[in-house]
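What follows is one structure encoded as structure tokens, with my remarks underneath.
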Amino acid sequence: MLAGPGLASWRSILKFINLTRRTEIGANCYYLGSGEQGIVLDCGMHPKDEGEAALPNLAALAGRPIDAILLSHAHLDHIGSLPVLMRQQPQARIFMTEATAAIGDALLHNSVNVMTREREEVGVIYPLFTHRETERATDRWQHCPLGQPFTVNGERSPARPDDELSFEFCGAGHVLGAAGILLRAEGRTVFYTGDVNFDDQTLTKGAVFPESEIDVLIIETTRGDSPLPDGFTRAAEEQGFAEAISRAFARGGCVLVPVFALGKTQEVLAMLYKFKRAKLIEDVPIYIGGLSSKMTEIYDRRANTSPRVLPRLQLFPEVAPFVLNGKTIADSPARPGRIYALSSGMMTPKTLSNIFARRVIDRPEHSIFFVGYADPESPAGILRRAQPNELVSLDEDEPAQPLRCQVEQFQFSAHASRESILDYIKKVGPRKVVLVHGDLPAVEWVRASAATALPTTEVLVPLPGVEIEL
Ligand SMILES: [Zn+2]
Ligand SMILES: [Zn+2]
């Protein structure tokens, strides 16, 4: 309950702790509250770290009761550790959009399978949660539509509550179900963007975010170190991607596109649908992975009810991708004239994209096309930087291979450009802006740019694990 003495402290001292372990895009998780009440925003799992090191710094929550856990979207780096936090905070209510719940359910069960497979390498603590615990956890999730304020007790709240903490989900673009979270209490407003894209993608419409009356803005900075190229348009990038696929087929090879199962897979399928209809590419076979196929079904079922550029497009019936899994990938040679849009996007060892890449990397007729963000230290990041004929190790358990295939990069990020992040901060003009979800150079560019553009705004880069006052 939020009535009583907690209110005064929420108003007077608002505390914030960055629960990620480093300044990076890892296990995203943030604490916000006062001494007596608190909420947690997101609870991710680090995509590269293993075991307990992959969890957020949940120890920093010791002695702080959590009233509610609010989820911005269902990427692993935002929802992957939720069952662990729910075990530690059994009284907390859990809120997210309906689509995020559907995706999160599939993703967490997949994560249990991955952790179970890795158990022997990592040690006795794996998996960090089980299928049963995940089932019990998802039963407790409460779904909230976009654009409606709720109290942390899960009740509808008036638009401008005067004495209760309320929250409202605001469409964030990015991926299906993604939302920024607007928090209001006693006339103070805090807005957490989660991962955001202000522009339309091929399938997903851009964010619809509030632009005024925000005191504290907590904003992602993923693309802070990559300027938008001069004259960039998504339409021109799509055209270039289609032409590159045609060139790859003319060389007699196949195309591997490493993609995240959630979001990028569906955007790529929508692009391939457009390319085929416009006769930019032939009607070639397309392959995706098992988790991607589950996510695609979730997208299809919500085609008419989610903010879509192509609201009637049903990806499965229209694009008809073949589905590969950990077993069938072994019998799937790299065949010319085919597109393999396989996860993971970072080409993590033992995932379909990593296994398949080792099949094509040393063959000059084949191609690997990158279409989004990759951690610079991940196999995808290493491959993107590699020079032709350089020896590349995609999996430390396997021999390194010379890079002989074609590698090209395209910009279809699901994240806002740094220019649009800065524009949004300027439009909002908050009293304080808190920069999260970025590697150090990215955060630093946004910090310096925002500080110059808005001299009266306090720009904060929250040190991991250190409590600050907002
Ligand atoms: Zn995301
Ligand atoms: Zn993220």
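Whatever order the structure lists ligands and atoms in, that order sets their numbers, starting from 1.
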Legend entry - Distance below 2.8 Å from the Zn ion (ligand 2): protein N/O/S atoms: Asp77 OD2, His78 NE2, Asp195 OD2, His437 NE2
Legend entry - His174, N/O/S atom nearest the Zn ion (ligand 1): NE2
Inset, instruction - May I have all residue pairs that pass salt bridge (charged side-chain N to carboxylate O under 4.0 Å, His left out) and include part of residues 100-116, sequence neighbours excluded? - result: none
Inset, instruction - Using a cut-off of 6.0 Å, state whether more than 12 heavy atoms not belonging to Gln91 lie near its atom CD. - result: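 More than 12 within 6.0 Å, yes.
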Legend entry - side chain to side chain contact (heavy atoms under 4.5 Å, CB included) against Thr351, all qualifying residues, sequence neighbours excluded: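 Side chain to side chain contact (heavy atoms under 4.5 Å, CB included) check on Thr351 returns Ser344, Thr348, Ser353, Asn354.
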Legend entry - Carboxylate-amine/guanidinium contact Glu133 Arg136, below 4.0 Å: no
Inset, instruction - For Lys294, check side chain to side chain donor-acceptor pair (under 3.5 Å) against everything at least two apart and list the hits. - result: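 Not a single residue meets the side chain to side chain donor-acceptor pair (under 3.5 Å) criterion with Lys294.
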Inset, instruction - Give the ring-plane orientation class for His75 versus Phe260, where under 30° counts as parallel, over 60° as perpendicular and anything between as tilted. - result: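 His75 vs Phe260 ring planes: tilted.
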